[in-house]
Amino acid sequence: MSVLKWAVLSVCSLIPALLMTGCSPEGYQDGSYRAEASDYDQYGWKDYVQLTVSDGKVTEIEFDAVHEQDSTKKSEDLEYQQEYREAGLGTDPADYSAKLEDSYLESQKSSTVDSVSGATISTGRFKQLTKALEERMEKGETGTITVTLE
């Protein structure tokens, strides 16, 4: 067999293997991952993202915040949601969290998540937390990390 034929066969046999590994965000390591803000914000909320990876893809995700006084979830605090809506933002924490989660599940990358009108700051926090997790998911470093949000 000539060297040229051997080289062509070698390259052709590598192409399928390369297509199945590391070339897409679907190369995440299975497990449970969590990122949370290092501090509570000025209103007493601490944002977090918790997700599960199965078969290399994020299959479950939760974005929310807990209150420092009683650990109430922002998406479940009906009084806070009402105040948010009355401010004329056109959304509330339960609504924008669901939209961000759905966008992430579809794209599997923080950089391509659609921003939610009326939730600019929360969208930014969501993207920061998921971006921090993506590096860990690629390496399989499960567990909780703390992220300083901008």
Side-chain angles (χ1 to χ4, degrees), residues 11-150:
V11 169
C12 289
S13 66
L14 285 176
I15 290 174
L18 289 173
L19 291 174
M20 293 188 304
T21 61
C23 295
S24 73
E26 298 171 342
Y28 297 141
Q29 301 296 313
D30 291 358
S32 296
Y33 302 84
R34 181 181 173 100
E36 59 185 43
S38 57
D39 297 305
Y40 291 93
D41 68 14
Q42 62 188 9
Y43 304 106
W45 297 104
K46 183 183 280 195
D47 293 301
Y48 70 88
V49 170
Q50 186 164 318
L51 53 80
T52 301
V53 175
S54 296
D55 297 326
K57 290 180 65 173
V58 176
T59 56
E60 296 176 34
I61 186 167
E62 178 183 11
F63 171 56
D64 214 324
V66 292
H67 200 273
E68 65 184 333
Q69 289 181 348
D70 58 9
S71 297
T72 303
K73 288 185 178 183
K74 190 186 280 189
S75 66
E76 296 173 356
D77 185 330
L78 299 178
E79 184 178 322
Y80 186 79
Q81 288 186 46
Q82 184 65 27
E83 291 173 11
Y84 212 91
R85 286 253 179 218
E86 288 173 359
L89 298 171
T91 189
D92 62 54
D95 178 60
Y96 68 68
S97 291
K99 288 178 181 176
L100 291 168
E101 292 163 358
D102 289 346
S103 182
Y104 192 88
L105 287 173
E106 184 178 322
S107 70
Q108 299 284 308
K109 284 301 256 185
S110 60
S111 61
T112 58
V113 168
D114 295 329
S115 293
V116 177
S117 180
T120 304
I121 293 171
S122 294
T123 297
R125 291 176 177 169
F126 176 82
K127 288 183 177 186
Q128 288 178 65
L129 292 168
T130 52
K131 183 177 180 181
L133 285 177
E134 287 168 356
E135 294 174 18
R136 295 178 61 90
M137 292 186 301
E138 289 171 358
K139 298 175 184 176
E141 296 174 353
T142 59
T144 302
I145 60 167
T146 303
V147 178
T148 302
L149 300 176
E150 297 173 11

Chemist: Would a 4.5 Å heavy-atom cut-off, applied to side chains only, mark Ile61 and Thr130 as touching?
Modeler: yes
Chemist: With rounding to the nearest 0.5 Å, note down the distance linking CZ in Arg136 to OH in Tyr33.
Modeler: 8.5 Å
Chemist: Is there a donor-acceptor pair under 3.5 Å between the side chain of Asp47 and the backbone N or O of Glu36?
Modeler: no
Chemist: Are Ser107 and Val113 close enough that some pair of their side-chain heavy atoms sits under 4.5 Å apart?
Modeler: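 Side chain of Ser107 against side chain of Val113, heavy atoms only: contact under 4.5 Å found.
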Chemist: Which atoms form the tightest heavy-atom contact between Pro93 and Gln81, and what is the distance?
Modeler: CD-CG, 3.8 Å
Chemist: Roughly how far, to the nearest 0.5 Å, is the NZ atom of Lys57 from the CG atom of Leu51?
Modeler: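 Those atoms lie 13.5 Å apart.
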Chemist: Return yes if some donor-acceptor pair links the side-chain N/O of Ser97 with the main-chain N/O of Phe63 below 3.5 Å, else return no.
Modeler: yes
Chemist: Kindly compute the distance separating CG (Leu100) from OG (Ser115), expressed to the nearest 0.5 Å.
Modeler: 8.0 Å
Chemist: Is it the case that the side chain of Tyr28 and the backbone of Gln108 share a donor-acceptor pair, with hydrogens and angles ignored and the cut-off at 3.5 Å?
Modeler: yes
Chemist: Do Asp77 and Thr72 meet the criterion of a side-chain donor-acceptor pair at a distance under 3.5 Å?
Modeler: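 No, because no side-chain N or O of Asp77 sits under 3.5 Å from a partner of the opposite role on Thr72.
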Chemist: Got a sec: does the CD of Gln69 have more than 12 other heavy atoms crowding it under 6.0 Å?
Modeler: no
Chemist: Do the side chains of Ser32 and Thr142 get nearer than 4.5 Å, heavy atoms only?
Modeler: no
Chemist: Determine the minimum heavy-atom distance between Thr91 and Tyr84, stating which atoms define it.
Modeler: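 Distance-wise, the nearest heavy atoms are O-CD2, 3.1 Å.
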Chemist: Output the distance between atom CZ (Arg125) and atom CH2 (Trp45), rounded to the nearest 0.5 Å.
Modeler: 12.0 Å
Chemist: Any chance you could measure Glu68, atom CD, to Lys46, atom NZ, to the nearest 0.5 Å?
Modeler: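 Those atoms lie 9.0 Å apart.
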Chemist: Can you find a side-chain donor-acceptor pair between Ser122 and Tyr96 that sits under 3.5 Å?
Modeler: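 On atom types as modelled, these side chains qualify, holding a pair under 3.5 Å.
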Chemist: What pair of heavy atoms forms the shortest contact from Thr59 to Ser54, and how long is it?
Modeler: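 Where Thr59 meets Ser54 most closely, the heavy atoms are OG1-OG, 3.7 Å.
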Chemist: Heavy atoms, side chains only, cut-off 4.5 Å: are Glu62 and Ser75 in contact?
Modeler: no
Chemist: Applying salt bridge (Lys or Arg N to Asp or Glu O under 4.0 Å), which residue pairs with at least one partner in residues 92-107 are found, sequence neighbours left out?
Modeler: Arg85-Asp92, Asp95-Lys99
Chemist: Looking only at heavy atoms, what is the nearest atom pair of Tyr40 and His67, with distance?
Modeler: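 Result for this residue pair: CE2-C, 4.1 Å.
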Chemist: Pairs of donor and acceptor atoms involving the side chains of residues 143-150, under 3.5 Å and at least two apart or interchain, shall be tabulated with distances.
Modeler:
none

Chemist: Which heavy-atom pair separates Ala65 from Tyr48 by the least distance, and what is that distance?
Modeler: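 Closest approach of Ala65 to Tyr48, heavy atoms only: N-CE2, 3.9 Å.
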Chemist: Enter the distance from Gln82:CD to Glu79:CD here, rounded to the nearest 0.5 Å.
Modeler: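 Nearest 0.5 Å value for the CD-CD distance: 9.5 Å.
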